[in-house]
Amino acid sequence: ALVVLVVVTLKPSARCMAACNFSAGQLNNTNSSLLGPYDTAAIVTLRCNEDSYNVSGAFTRMCQANSSFSGAPLICALKRCANFNTSSAAVNVSEKAARSDLGYLSPGSRAAFSCLYGASPLGYSEWTCLDNTTWYANSSTFVDSETGMPAAPPYSAAHATVNGTTSFVCKLPPQLVTSTVNLTSNESDAHVTLLCSFRGIPEPTITWTAPNGTAAIGTVSQTPPSTLLISTSTLSFSNAQRIEGQYICSAANPSGTSNQSLPVQ
């Protein structure tokens with residue numbers, strides 16, 4: 001935070017060694033000789049630099065006889081927009097800083113969101129940091145075809161939060177990544193393990209169907225999405241539980257569904 005001090009002295013009298021309680025950072029690029037000492041009744045007029053704003057405190061303070069300044073210390077902070085939050089690696093962020101020394105949160109900076117992995121974007125995709133330290137949405141190119149509103153709820157697991165509000169969402173129906181059939185055997189029995197991996201936003205729920213159309217019998221496990229947003233489910237069963245034919249793994253999320261057949265002989 002930066003402060004410029006302008007001093008007007010009235011009635012020179014007893015010296016007043018007053019501490020204004022400014023941190024070193026708040027006094028960057030100011031004339032250190034203005035720190036004091038000040039005469040009693042000296043009036044100090046303060047203002048924030050153009051790239052800062054007043055957080056609290058008095059702009060005008062007087063040196064009092066008790067060697068302290070009247071009023072609360074002026075606190076100035078750099079004008080910075082709040083950082084925006086992204087919930088997933090599927091949301092790509094690109095920034096263009098207005099000032100290299102302050103980064104992309106400085107007024108005049110721009111930020112743009114896009115979706116990876118072929119996901120569909122919804123909501124406000126381009127933003128500008130305003131002088132009042134809030135983000136302004138420049139565009140809402142992507143809207144929900146059903147509601148006509150940007151970033152309509154329910155929000156997916158991949159979204160961006162700007163100014164405290166979810167304002168950009170990525171949606172992706174489940175897409176098959178891989179599927180395998182593995183047969184293991186020992187002296188007493190044989191086991192079959194089926195595996196399906198899907199990518200989807202939000203995380204898809206994966207279920208298994210036996211060749212006879214009923215829920216598959218066996219041990220099912222599903223791992224959380226990886227950093228590449230891939231969810232994996234396995235179905236394991238003994239040879240005695242095996243039903244020959246096509247097992248189906250189905251992945252579903254609010255954006256769509258996907259099915260994959262795995263042959264078991």
Stepwise side chain to side chain contact (heavy atoms under 4.5 Å, CB included) check, Thr232 with Ile230: CA-CA 7 Å; Thr232 300; Ile230 298 174; 4.2 Å; yes
Residue pair Leu235, Thr219: steps toward the side chain to side chain contact (heavy atoms under 4.5 Å, CB included) verdict: CA-CA 6 Å; Leu235 169 65; Thr219 302; over 6 Å; no
Asn132/Leu130 under side chain to side chain contact (heavy atoms under 4.5 Å, CB included): CA gap, chis, key distance, verdict: CA-CA 5 Å; Asn132 64 3; Leu130 300 181; 3.3 Å; yes
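Put simply, the side chain of Glu126 never gets that close to the backbone of Ala111: no donor and acceptor are under 3.5 Å apart. With hydrogens and angles disregarded, a donor-acceptor distance shorter than 3.5 Å links the side chain of Asn253 to the backbone of Leu172. Distance alone, capped at 3.5 Å, places no donor-acceptor pair between the Arg199 side chain and the Val177 backbone.
From Thr209, atom OG1 reaches atom CG of Asn259 across 8.0 Å, with rounding to the nearest 0.5 Å. One distance of note links OH of Tyr247 with CG of Leu194; it measures 7.0 Å at 0.5 Å rounding. Note that the OG atom of Ser255 and the NZ atom of Lys171 stand 5.5 Å from one another [nearest 0.5 Å]. To the nearest 0.5 Å, atoms OG (Ser179) and CG (Leu262) are separated by 4.5 Å. Separating the OG atom in Ser231 from the CD1 atom in Ile206 is a distance of 5.5 Å, to the nearest 0.5 Å. Rounding to the nearest 0.5 Å gives a distance of 10.0 Å between CZ of Arg110 and CH2 of Trp135.
Scored by the side-chain hydrogen bond (donor to acceptor under 3.5 Å, both in side chains) test, Thr234 finds Ser221 as partners (sequence neighbours excluded). Every residue meeting the side-chain hydrogen bond (donor to acceptor under 3.5 Å, both in side chains) condition with Thr193, not counting sequence neighbours, appears here in chain and number order: Ser236.
Under the 3.5 Å distance criterion, with hydrogens and angles disregarded, a donor-acceptor pair is assigned to the side chains of Trp208 and Ser233. At a cut-off of 3.5 Å, with distance as the only test, a side-chain donor of Asn212 or Thr214 sits close to an acceptor on the other residue.
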Could you list the donor-acceptor pairs under 3.5 angstrom formed between side-chain atoms of residues 239-246 and any protein atom two or more places apart in sequence or on another chain?
unit_1, atom_1, unit_2, atom_2, d
Asn239, OD1, Arg242, NE, 3.2
Asn239, OD1, Arg242, NH2, 2.8
Gln241, OE1, Ser238, N, 3.0
Gln241, OE1, Ser238, OG, 3.4
Arg242, NH1, Gln265, O, 2.7

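For Ile217, the CD1 atom is loosely surrounded, since the number of other residues' heavy atoms within 6.0 Å does not exceed 12.
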